[in-house]
4 protein chains.
Amino acid sequence: MTDSSDTPKSSGIGSLSLKERQRQERLELILQATETALLEKGYHEMSLDEIAAQVGIAKATIYLHFSSKEELVISLLKRALEASLHDLEQVVMKPISARARMEQIVGLSCKGKKKEHGQLFFALITGTNLRKEVIEKQLSWGDYLKKVVTLISKVLEDGKSSGEINPAIPTELLQFTLMAFLSRPGMETPFEQQPEEYAKQVLEILFKGIGNPDQILNRN
Amino acid sequence: MTDSSDTPKSSGIGSLSLKERQRQERLELILQATETALLEKGYHEMSLDEIAAQVGIAKATIYLHFSSKEELVISLLKRALEASLHDLEQVVMKPISARARMEQIVGLSCKGKKKEHGQLFFALITGTNLRKEVIEKQLSWGDYLKKVVTLISKVLEDGKSSGEINPAIPTELLQFTLMAFLSRPGMETPFEQQPEEYAKQVLEILFKGIGNPDQILNRN
Amino acid sequence: MTDSSDTPKSSGIGSLSLKERQRQERLELILQATETALLEKGYHEMSLDEIAAQVGIAKATIYLHFSSKEELVISLLKRALEASLHDLEQVVMKPISARARMEQIVGLSCKGKKKEHGQLFFALITGTNLRKEVIEKQLSWGDYLKKVVTLISKVLEDGKSSGEINPAIPTELLQFTLMAFLSRPGMETPFEQQPEEYAKQVLEILFKGIGNPDQILNRN
Amino acid sequence: MTDSSDTPKSSGIGSLSLKERQRQERLELILQATETALLEKGYHEMSLDEIAAQVGIAKATIYLHFSSKEELVISLLKRALEASLHDLEQVVMKPISARARMEQIVGLSCKGKKKEHGQLFFALITGTNLRKEVIEKQLSWGDYLKKVVTLISKVLEDGKSSGEINPAIPTELLQFTLMAFLSRPGMETPFEQQPEEYAKQVLEILFKGIGNPDQILNRN
DNA sequence: AATGAATGAGGTTTCATTCAT
DNA sequence: GATGAATGAAACCTCATTCAT
């Protein structure tokens with residue numbers, strides 16, 4: 001109902017009124033507290049009482065910004081998804097080789113965690129414990145996935161065009177292969193502390209394969 | 001408290017008494033209903049009222065088999081984890097090439113779903129929405145992962161020994177690479193309906209890489 | 001409904017049939033377990049599961065002897081009340097001085113505890129946590145009290161007749177005074193381990209009072 | 001959790017804010033309803049549904065004042081114990097004869113009932129049916145008894161010093177004797193409607209004893 | 001605008017009691 | 001006759017949501 005996009009009531013004075021700025025700050029605090037709680041405990045274990053206490057406001061005040069608990073979380077996740085989509089787009093558009101871009105994409109999925117936009121891509125949703133129904137309908141998860149796939153496809157096609165990537169492999173399969181490295185299966189990645197190093201290694205494998213080069217040479 | 005491993009009183013007649021068989025059947029029904037509800041709605045959204053109604057028994061009856069909601073779910077998941085570990089072990093021990101075994105392992109993660117032992121590996125836990133604390137303490141998730149990694153490592157080492165797999169790649173990285181294909185990032189795999197075909201393709205990529213063979217040859 | 005006074009079905013053989021004797025033994029075990037649990041935990045905290053387990057029978061078997069949990073406890077208490085009334089009567093009828101009998105009555109309230117008939121008199125009911133309604137209607141607590149008072153009155157009247165007790169004191173007041181020493185206010189009595197010694201001391205006080213004899217003499 | 005000792009935010013206006021006063025009033029209503037139910041039915045038979053209905057509020061509202069059923073009852077009893085201790089202390093400190101004070105102490109145990117602070121002393125706890133464990137741990141019943149005994153001892157020692165009480169009788173025995181009259185054995189006291197008259201009579205007996213004065217005189 | 005207070009709906013759990021074998 | 005199994009009724013407690021101030 002009430003949304004973060006509410007326009008301030010009086011834009012006459014300079015820019016935003018003091019009240020309005022405070023309001024925005026509070027909204028930000030609520031979202032941050034929610035993010036922390038959500039990643040730590042998941043949707044159901046997290047209570048609005050807790051968040052209000054964390055921010056230092058009354059529980060009812062949350063309802064001035066969001067019409068329900070679900071809307072609060074959805075709103076948070078939407079922002080995160082948009083941000084991750086934005087980041088992904090930035091990388092995809094870079095004027096560098098396809099492999100270099102792929103490396104950065106894999107790196108993206110390791111950074112961030114709770115700091116920047118809350119991990120990246122899939123891992124974000126995984127830990128929330130939201131109903132699938134909600135994820136699909138409210139977050140348009142399907143649409144999100146499609147956009148991600150489209151962006152990634154562009155890089156892959158670029159790779160094929162430039163001769164970096166084997167054009168014989170169907171793009172659909174390449175998509176899935178790359179995306180498999182973007183979520184985490186509940187276990188820590190190796191090189192957890194050095195995402196760049198990790199991404200480099202993954203790409204090396206991805207491109208050269210794990211097969212023994214001797215046998216491959218022999219095969220030809 | 002009461003567990004599925006309770007041995008029947010074995011009155012010596014034939015096999016299991018009628019009562020005992022009925023008991024086992026109902027326990028199985030409860031577990032199935034729970035699995036369905038768990039995968040569909042997650043731990044919190046699922047209620048015992050619902051499960052009891054589904055099975056056609058009174059809610060209190062569930063407590064004859066499990067001492068709490070948590071124990072019910074934990075018990076279900078434990079069975080599934082053990083089953084998946086068993087399946088994995090079977091494959092690992094087969095006297096076939098490492099690559100063939102890896103192909104079957106990847107295939108395992110696609111089959112089953114709710115049918116056989118409830119998906120496989122990680123995906124199973126992902127959708128439950130159980131508290132991390134519970135997952136670790138009650139399910140020994142850490143131990144489970146270690147066992148999986150150990151089994152997979154065996155195949156990978158075998159591959160290195162037989163010359164199938166590039167020995168220059170650290171096994172730790174190989175482990176993670178393979179496991180990345182065993183969980184699903186919330187999206188359908190391509191060839192969803194033909195796990196074997198899908199597994200074959202993945203292995204092809206995994207071994208040969210996605211790099212353009214021409215360039216690779218040139219690089220040497 | 002079913003009561004302990006059930007007559008055996010076939011009294012034809014000698015005395016009681018084997019079955020019947022076993023039945024009586026089991027009933028006794030149930031009552032004992034109930035007494036223990038009742039004194040330890042009170043009516044509500046005590047469960048039939050617990051008692052059945054203690055005796056080593058199925059919970060449903062208890063219902064072959066008593067038609068409800070309440071009836072079981074009532075039955076137990078009734079027996080105890082009757083027994084205590086019997087003991088009291090024995091003492092009252094003894095051909096000894098009133099004071100000696102009073103001493104023994106006070107002593108009665110200290111002995112027994114869980115051993116014999118479960119404490120005595122009031123203390124028994126105090127710890128059970130039964131609804132007052134039940135205590136009155138099912139146990140006829142009022143009738144019980146009346147009988148106790150009547151018996152005690154006899155001793156007191158005897159004391160007055162024999163010149164031991166001051167005839168100027170109303171018997172009603174004497175009754176209450178003596179009975180005050182028959183229940184315990186949730187605290188241990190002094191001389192807890194020597195009821196006889198304790199009873200002797202109480203009687204000494206009861207007869208001579210706690211006033212300073214010098215002043216009393218002076219007063220006259 | 002929230003306790004009756006929470007200080008109002010004291011907004012500086014006059015005394016307590018309207019909200020705060022209403023809050024206190026309802027808390028008082030809850031406690032009264034609880035007291036009634038507790039004395040009437042005991043801890044287990046009494047339900048929060050019932051109390052809420054009695055007060056005319058929702059069940060959940062009770063949890064705004066007390067974090068659990070147990071805490072509610074404990075809180076009620078604590079207040080009553082403290083009040084009774086306060087009353088006792090007032091009497092003990094009065095600059096009147098020991099006997100006069102003892103008379104008032106006995107009188108205390110008859111007044112009040114549900115009206116003032118909920119009976120007095122022991123009788124209060126007796127009817128609640130709380131687990132012994134709780135009574136001891138949460139209510140510090142042992143400590144309470146000790147304080148009562150200490151206060152009473154003071155009066156008794158005073159009596160010995162002033163020559164009112166026979167110094168040959170051990171104080172410990174005197175304590176118990178007096179306290180025997182402070183609890184009620186489940187029966188009504190005589191002179192129920194005139195506590196002062198009753199107390200006077202008890203003290204008369206307590207001091208002079210029930211022995212026949214003629215015999216006592218003769219004995220000397 | 002902000003909040004403290006109130007609540008209704010729902011969930012898990014316990015047990016005395018019944019019934020088919 | 002004895003029992004294991006099944007159950008219904010009820011209790012406590014939580015929390016997202018609303019409302020009066």
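In what follows, chains are A, B, ... by sequence order, proteins preceding strands, each numbered from 1. Atoms considered below: every heavy atom in the structure, side chains included; atoms not considered: hydrogens, waters and symmetry mates.
If you measure from atom CD1 of D/Ile51 to atom P of E/dT7, you get 15 Å, rounded to the nearest angstrom. With rounding to whole Å, D/Leu64 atom CG is found 13 Å from F/dC13 atom C1'. Counting to the nearest Å, the C1' atom of F/dA5 and the CZ atom of B/Arg21 are 17 Å from each other. Summarising the geometry, the separation between NE2 on A/His44 and C1' on E/dG11 is reported as 12 Å, rounded to the nearest angstrom. Distance A/Ile62 CD1 to E/dA1 P: 17 Å, rounded to the nearest Å. If you measure from atom CD of A/Glu20 to atom C1' of E/dA1, you get 12 Å, rounded to the nearest angstrom. For the pair B/Glu50 CD and E/dG11 P, the interatomic distance rounds to 9 Å; values are reported in whole Å. Counting to the nearest Å, the P atom of F/dT14 and the NZ atom of D/Lys69 are 15 Å from each other.
Nucleotide F/dT21 has E/dA2 as its partner under the Watson-Crick or G-U criteria, with both atom distances under 3.5 Å. Judged by Watson-Crick or G-U wobble contacts below 3.5 Å, the nucleotide E/dA9 has F/dT14 as its partner. E/dT14 is paired with F/dA9 under the criterion used here, namely a Watson-Crick or G-U wobble arrangement in which both key atom distances are under 3.5 Å.
For B/Lys59, taking side-chain heavy atoms from C-beta onward, the closest of the listed nucleotides F/dG8, E/dT12, F/dA2 is E/dT12. Distances were taken from every side-chain heavy atom of D/Tyr63 (C-beta onward) to each of F/dT3, F/dC13, E/dT7; the shortest belongs to F/dC13. Nearest nucleotide to the C/Ala58 side chain, out of F/dG4, F/dA2, F/dA11: F/dG4.
In this model, a donor atom of one side chain and an acceptor atom of the other lie less than 3.5 Å apart for C/Ser67 and C/Glu71.
Between the side chain of C/Glu50 and the main chain of C/Ser47, a donor-acceptor pair closer than 3.5 Å is present. No side-chain donor-acceptor contact under 3.5 Å links C/Lys78 to the backbone of C/Ser140.
Between B/Ser68 and A/Thr61, the residue anchored closer to the 5' end of DNA chain E is A/Thr61, taking for each the nucleotide with the nearest heavy atom. Mapping B/Leu48 and C/Met46 onto DNA chain E by nearest heavy atom places B/Leu48 closer to the 5' end of the strand. Two residues, D/Asp49 and B/Ala60, neighbour DNA chain F, and the one matched to the more 5' nucleotide by heavy-atom proximity is B/Ala60. Nearest-nucleotide assignment on DNA chain F puts the 5′-proximal partner with B/Ile57, out of D/Ser47 and B/Ile57.
Between A/Glu35 and A/Lys41, no side-chain nitrogen of the basic residue sits less than 4.0 Å from a carboxylate oxygen of the acidic one, so the salt-bridge criterion is not met.
For E/dA5, one of the phosphate oxygens OP1 or OP2 lies less than 4.0 angstrom from a side-chain nitrogen or oxygen of D/Arg23. Contact annotation: C/Arg26 does not reach the phosphate of F/dG1 (side-chain N/O to OP1 or OP2, under 4.0 Å).
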Return a table of donor-acceptor pairs under 3.5 angstrom between the side chains of residues 51-62 of chain C and protein atoms on other chains or two or more places apart.
| residue | atom | partner | partner atom | Å |
| --- | --- | --- | --- | --- |
| C/Lys59 | NZ | C/Asp49 | OD1 | 3.4 |
| C/Lys59 | NZ | C/Asp49 | OD2 | 3.2 |
| C/Thr61 | OG1 | C/Ala58 | O | 3.3 |

